[in-house]
Number of protein chains: 2
Amino acid sequence: MRIGELARATGTKAETIRYYEREGILPAADRTDSNYRDYSDQHLASLTFVRRARELGFSIVQVRELLALSGHEDKPCKDVDKLVQSQLAEVERKIVDLSALRSELSQMLRSCQADRIGECHIVASLAGRP
Amino acid sequence: MRIGELARATGTKAETIRYYEREGILPAADRTDSNYRDYSDQHLASLTFVRRARELGFSIVQVRELLALSGHEDKPCKDVDKLVQSQLAEVERKIVDLSALRSELSQMLRSCQADRIGECHIVASLAGRP
DNA sequence: ACTTGACCTTGTAATTACTACAAGGTGCAT
DNA sequence: ATGCACCTTGTAGTAATTACAAGGTCAAGT
């Protein structure tokens, strides 16, 4: 598929895809006779992963690490263990925070639907209980 | 408390705190006789919230919206309902994605601890949401 | 008293991760 | 064959920090 199709499929700007290629985040695509980039389903999966990970607040550096983990079969387990552990800890922290935020938002929604103005603890939900 | 203490307490650079004040994301702090910023616990809670929300992938614009929700008692419920609903939907999407990533990372960890090299589905974990 | 060093101030410049735009080539349908 | 949507490279602009410069503040140690 060409860059425009890949862009639509992933909600990414074509410029951003070329930027990822320059930065080595996505492998370079094959080229057609007319020098257009020609992407595979592998590229689609990788780019979808990158975009989701970015939306979840991982930096480009962390995304690189995660991508590297995905091709770790040539390296000994011990080398990746620590990295996996710290990424996992970060993911779990994010889930805890998001769950707190979710329950506060849905509490607000219930109050609204009952047309009441409830107490608002939205800041406290992420700031840590007082 | 002074800016350095607040910075340490929240893992934020002092420069970033001043930047948030310029941008109106944090209310301006009181000043001491020698013109140093003097922060309250309210500031600490707000800043903690802002930093967590940023880590979770919310943009500054979204953080502003969330902060605005926290002081909505003067506005009719109907005005905030739609915003709460869409923020909630986004939070839930993030939780789903992070949960998939978590289970893939912990699977990797189990493989590593058994000193086996397991199949790696880390890209698929985020790429495969239908 | 004085100086060291960790703090603070404002202001400006650089960095990261895109995003937009310019100038031009490609390819297919009307 | 020409309009239109697509592609190319390259450069410049934006958002959200982050770093740095030049200087003022203040508690502690000599």
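Each chain gets a letter, A, B and so on, in the order its sequence line appears, and its residues count up from 1.
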Can you check the [X] [atom1] to [N] [atom2] distance for me, whole Å?
| X | N | atom1 | atom2 | answer |
| --- | --- | --- | --- | --- |
| Glu23(B) | dT14(D) | CD | P | 14 Å |
| Arg22(A) | dT8(D) | CZ | P | 12 Å |
| Ile17(A) | dA20(C) | CD1 | P | 14 Å |
| Gln62(B) | dA16(D) | CD | P | 10 Å |
| Ile60(B) | dT14(D) | CD1 | P | 18 Å |
| Leu26(B) | dT17(D) | CG | C1' | 14 Å |
| Tyr19(A) | dT15(C) | OH | P | 14 Å |
| Glu21(B) | dG11(C) | CD | C1' | 15 Å |

Cation-pi check, Lys13(A) to Tyr19(A): give yes when NZ or CZ is under 6.0 Å from the six-membered ring centre and within 45° of the ring axis, no otherwise.
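No; the conditions do not both hold, so Lys13(A) does not lie above the ring face of Tyr19(A).
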For Leu109(B) versus Val84(A), what's the shortest heavy-atom pair and its separation?
CD1-CG1, 3.8 Å
So if I take every side-chain heavy atom of [X] and compare against [options], which nucleotide ends up nearest?
| X | options | answer |
| --- | --- | --- |
| Tyr20(A) | dC18(C), dT26(C), dT8(D) | dC18(C) |
| Arg2(B) | dT19(C), dT18(D), dC8(C) | dC8(C) |
| Glu15(A) | dT18(D), dA20(C), dT8(D) | dA20(C) |
| Lys13(B) | dC7(C), dA19(D), dT17(D) | dA19(D) |

Is [X] close enough to [N] that one of its side-chain N or O atoms is under 4.0 Å from OP1 or OP2 there?
| X | N | result |
| --- | --- | --- |
| Arg31(B) | dT10(C) | yes |
| Arg64(A) | dA17(C) | no |
| Arg54(A) | dA17(C) | no |
| Thr16(B) | dT18(D) | yes |

Identify the residue among Leu67(A), Thr16(A), Thr10(A), Ile17(A) that makes a side-chain contact (heavy atoms from CB on, under 4.5 Å) with Val50(A).
Leu67(A)
So how far is it from Asp38(B) CG to His43(B) NE2, rounded to the nearest 0.5 Å?
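Rounded to the nearest 0.5 Å, the CG-NE2 separation comes out at 9.0 Å.
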Could you say whether Thr32(A) or Arg18(B) is positioned toward the 5' end of DNA chain C, judged by the nucleotide with the nearest heavy atom to each?
Arg18(B)
For Glu65(A) and Gln87(A), test the side chains for any donor-to-acceptor distance below 3.5 angstrom and give the result as yes or no.
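Judged by distance alone, the side chains do pair up.
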Under the 3.5 Å rule, do the base of dG27(C) and the side chain of Tyr36(A) count as making a donor-acceptor pair?
no
Select from Arg51(B) and Asp33(B) the residue whose nearest nucleotide in DNA chain D is closer to the 5' end of that strand.
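Nearest-nucleotide comparison on DNA chain D picks Arg51(B).
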